[in-house]
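See structure below.
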Amino acid sequence: HVQLVESGGGSVQPGGSLRLSCTASGDTTNRYWCMTWFRQAPGKEREGVAALDSDGTTLYADSVKGRFTLSRDNARNALYLQMNNLKREDTGMYYCAADWGTGCYSGSWARPNYDYWGQGTQVTVS
């Protein structure tokens, strides 16, 4: 089993920046993995924001390309999402999700079908 813990959310003005963190613990020994950030605004479906896998593949939703950047600290088993030039429409609960034993696939990474989920961290842009 894998546990995911997010942090770094908060409230910012439009144009501001935030950095979200997701730390994984537990059974993370498989060399193949896919870690993804989702977000969900009130009344809307959960949507994939960005994904990174063990081969270095990075995938971004069109709405965040050029503004959000993923990175990972392998020693800490942590995934980071640097969010710049935030817009009001970026507001929502941000969740970290992951699968171990597989990489990310361009055709399916944004579907909320991951085995492991964090509790979420709130991002408010206003």
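To the nearest 0.5 Å, atoms OG (Ser17) and CG (Asn85) are separated by 8.0 Å. Note: Thr69 OG1 to Met83 CE = 11.0 Å, rounded to the nearest 0.5 Å. Atoms OG1 and CG, on Thr23 and Asn77 in that order, are 8.0 Å from each other to the nearest 0.5 Å. Expressed to the nearest 0.5 Å, how far OG of Ser108 lies from CG of Leu59 amounts to 9.0 Å.
The salt bridge (Lys or Arg N to Asp or Glu O under 4.0 Å) test applied to Lys87 returns no partner, not counting sequence neighbours. Residues forming a side-chain hydrogen bond (donor to acceptor under 3.5 Å, both in side chains) with Ser25 (at least two apart in sequence, or on another chain): Gln3. Residues satisfying the side-chain hydrogen bond (donor to acceptor under 3.5 Å, both in side chains) criterion with Asp55, sequence neighbours excluded, are absent altogether. When the side-chain contact (heavy atoms from CB on, under 4.5 Å) test is applied to Ser54, the partners found at least two apart in sequence or on another chain are Tyr32, Trp33. Here Asp27 pairs with Thr29 under the side-chain contact (heavy atoms from CB on, under 4.5 Å) rule; sequence neighbours left out. Partners of Asn74 under the side-chain hydrogen bond (donor to acceptor under 3.5 Å, both in side chains) rule, at least two apart in sequence or in another chain, are Arg72. Among residues two or more places apart in sequence or in another chain, the salt bridge (Lys or Arg N to Asp or Glu O under 4.0 Å) test is passed with Asp73 by Arg76. Partners of Ser71 under the side-chain hydrogen bond (donor to acceptor under 3.5 Å, both in side chains) rule, at least two apart in sequence or in another chain, do not exist in this structure. Evaluation of the ring-ring contact (aromatic ring centres under 6.0 Å, His included) rule for Tyr116 yields His1 as partners, not counting sequence neighbours.
Considering all non-hydrogen atoms of both residues, Gly9 and Leu18 come closest at C-CD1, 4.5 Å. Nearest heavy atom pair, residue Gln122 against residue Thr91, reads NE2-CG2, 4.2 Å. Annotation for Glu6 and Gly120: closest pair OE1-N, 2.9 Å, computed over non-hydrogen atoms. Across every non-hydrogen atom of Ser7 and Thr121, the tightest pair is C-OG1, 4.2 Å. Of all the heavy atoms in Val49 and Val64, the pair that sits closest is O-CG2, 3.5 Å.
Counting only residues at least two apart or in different chains, ring pair (Phe, Tyr, Trp, His ring centres under 6.0 Å) contacts with residues 47-88 are absent.
The hydrophobic clustering, which links ILVMFWY residues whose side-chain heavy atoms are closer than 4.5 Å, places Leu20 and Leu52 together.
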If you look only at distance, which donor and acceptor atoms sit under 3.5 Å apart when one is on a side chain in residues 34-43 and the other is two or more places apart or in another chain?
residue: Thr36; atom: OG1; partner: Tyr114; partner atom: OH; Å: 2.8
residue: Arg39; atom: NE; partner: Glu47; partner atom: OE2; Å: 2.6
residue: Arg39; atom: NH1; partner: Asp90; partner atom: OD1; Å: 2.8
residue: Arg39; atom: NH1; partner: Tyr94; partner atom: OH; Å: 3.0
residue: Arg39; atom: NH2; partner: Glu47; partner atom: OE2; Å: 3.3
residue: Arg39; atom: NH2; partner: Ser63; partner atom: OG; Å: 3.4
residue: Gln40; atom: OE1; partner: Arg46; partner atom: NE; Å: 3.2
residue: Gln40; atom: OE1; partner: Arg46; partner atom: NH2; Å: 3.2
residue: Gln40; atom: NE2; partner: Lys44; partner atom: O; Å: 3.1

Run the side-chain donor-acceptor check on residues 96-106: report pairs under 3.5 Å with partners two or more places apart or on a different chain.
residue: Asp99; atom: OD1; partner: Asp115; partner atom: N; Å: 2.7
residue: Trp100; atom: NE1; partner: Thr28; partner atom: O; Å: 3.4

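Taking the side chain as every heavy atom from C-beta outward, Leu70 and Leu79 approach each other to under 4.5 Å. Considering only heavy atoms from C-beta on, Trp117 comes within 4.5 Å of Pro112 through its side chain.
Arg88 contributes no side-chain N or O that, together with a main-chain N or O of Val125, makes up a donor-acceptor pair within less than 3.5 Å.
Few gaps surround CD on Glu89; more than 12 heavy atoms of other groups in view lie less than 6.0 Å from it.
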